[in-house]
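Below is one structure, written out as structure tokens; the observations come after it.
Computed from a prediction, not measured in an experiment: that's the story for all the values here. So that the names make sense, note that chain A is the first sequence line, chain B the second, and so on, each numbered from 1.
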2 protein chains.
Amino acid sequence: MANRDLSEALRQIPTRVSAQPSAAERVADALREQIVNGALRSGTRLTEETIGAALGFSRNTIREAFALLIAERLAAREPNRGVFVATPTAGDIRDLYATRQLIEPAALERGPGFSDEAVARLREVVEAARVCRERGDVAGVAQGNQEFHRSVVRLAGSRRVDHLMEGVLAEMRLVFHLMGDDPGFHEPYLDRNEVIIRDLEAGDRAGATAALRAYLADAEEHLLRALHHP
Amino acid sequence: MANRDLSEALRQIPTRVSAQPSAAERVADALREQIVNGALRSGTRLTEETIGAALGFSRNTIREAFALLIAERLAAREPNRGVFVATPTAGDIRDLYATRQLIEPAALERGPGFSDEAVARLREVVEAARVCRERGDVAGVAQGNQEFHRSVVRLAGSRRVDHLMEGVLAEMRLVFHLMGDDPGFHEPYLDRNEVIIRDLEAGDRAGATAALRAYLADAEEHLLRALHHP
DNA sequence: ATCGCAGGATTGTTGAACAATATGGCGTGC
DNA sequence: GCACGCCATATTGTTCAACAATCCTGCGAT
């Protein structure tokens, strides 16, 4: 029946039009915010009862929220001990950059979303970060830098890959907090984004890709060195 | 204290040495198996009470299992209506292949795990699939083909990317079941894997990558066409 | 046939309960 | 003083029961 198809279609398109997120999702949102902001530091124990009482939800709901955060790798469960804010290891950092080295250059070099307008949007993102630097807005620089890489990955044109990158960037923020948020950490990378975008504007996509690869390799080494000298 | 470091380290290494998975994970495993095997078809409703009674677990545990499957995109929640086995749409298929087009060629062309031994392992996988074809083992051919692509992605050397690919392949199986599991579907692709591996053995990594890209483009079109003529 | 409306079923969420496991303190023996 | 074993306590893992909110179904009225 045509009506069946219609209701099916309506259901597929907007998974939720304006439906409020479930309680578990709201709890997860609140916790995620605190974690990526650094308010909840790596290694912090997330006690079910404490959090439930603090946010006004039952243990079962908190538990569902934990499951979401664990799936995002922002938290880790230690059986019969509890859930903790994740503390990325050197191995985790290497894995993050192995992922980024695979995805970001590939998206930049062959992403189907590439176009003059896309390059213009990337330029805007870099400029916004530069304004933040001139204002001394350290957090803004970091955020702008993340937005640049997020936008690069978006060129791949895949929701799934975007989602993966979202998780990568969230875990990167955890890594930065773990190192104590050195204020000057992100600053030098702005100029390297500038080089990449200039290559793109000059039509040199391969050159931009090579520059991005070098960027990622240096950033990884930078972080790993910082991790061993805390 | 050194002892603190030790217990920390011991905890990091083997997340669980021999610990049995939790009840929720076991339920999720059972359901996942049924889903990717095709025993639970796309669109099937997963009622909390029914499944709980069938497997002997409480509603809360079932709910946690559902959360896992939903995170893997093998199931979808429709608020206040229930959880259903996911039914991939044409858009989902396009997204799957956008992801594969990004990841697989990149892993093959620049993955740090590439080596003569890795090529030899890929050769073995292809040969195993070929044996299945000669035996008329259709399921074996499909499985061998998946194993080939899984192995290609493994060249990237990232757990995270491997995990992404695991989800992609699981959803691919859902797509195949959705189309009715045409017995001859995977057969032609074996020869294309053969071409790829021959390029690799000849030292032509770029050629193999190009062949892989063409493979993926054709497979995507093949599937999308089949979807519109069911 | 369309609309509205009650009745029943299922989900979303809560609260309480209990076993299993981990943590920390205490005493004991060396 | 310190290593060891033991017990009290706290927390997790899981179950069960309950209730409101929402959705689906069928029936009757228009």
Holding to salt bridge (charged side-chain N to carboxylate O under 4.0 Å, His left out), I want the full list of residues that pass it with [X], two or more places apart in sequence or in another chain.
{"X": "E64(B)", "value": "R63(A)"}
{"X": "E124(B)", "value": "none"}
{"X": "E33(A)", "value": "none"}

Protein and nucleotides 16-19 of chain C: nitrogen or oxygen contacts under 3.5 angstrom:
from	atom 1	to	atom 2	distance (Å)
dA17(C)	N6	R59(A)	NH1	3.3

Any side-chain N or O of T61(A) below 4.0 angstrom from OP1/OP2 of dT14(C)? yes
Using a cut-off of less than 4.0 Å, is there contact between a side-chain N or O of R81(B) and OP1 or OP2 of dT11(C)? no
Table of protein N/O atoms under 3.5 Å from nucleotides 4-9 of chain C N/O atoms:
none

For F176(A), check ring-ring contact (aromatic ring centres under 6.0 Å, His included) against everything at least two apart and list the hits. F185(A), H186(A)
Restricting to ring-ring contact (aromatic ring centres under 6.0 Å, His included), what partner residues turn up for Y215(B), sequence neighbours left out? H149(B), Y189(B)
So, using side chain to side chain contact (heavy atoms under 4.5 Å, CB included) as the criterion, who are the partners of [X] when residues are at least two apart?
{"X": "A76(B)", "value": "none"}
{"X": "A217(A)", "value": "Q101(A)"}
{"X": "R73(A)", "value": "D92(A), E171(A), R160(B)"}
{"X": "A90(B)", "value": "R94(B), L224(B), L227(B)"}

Check DNA chain C against residues 39-55 of chain A and give the residues with a non-hydrogen atom under 4.0 Å, in numerical order. none
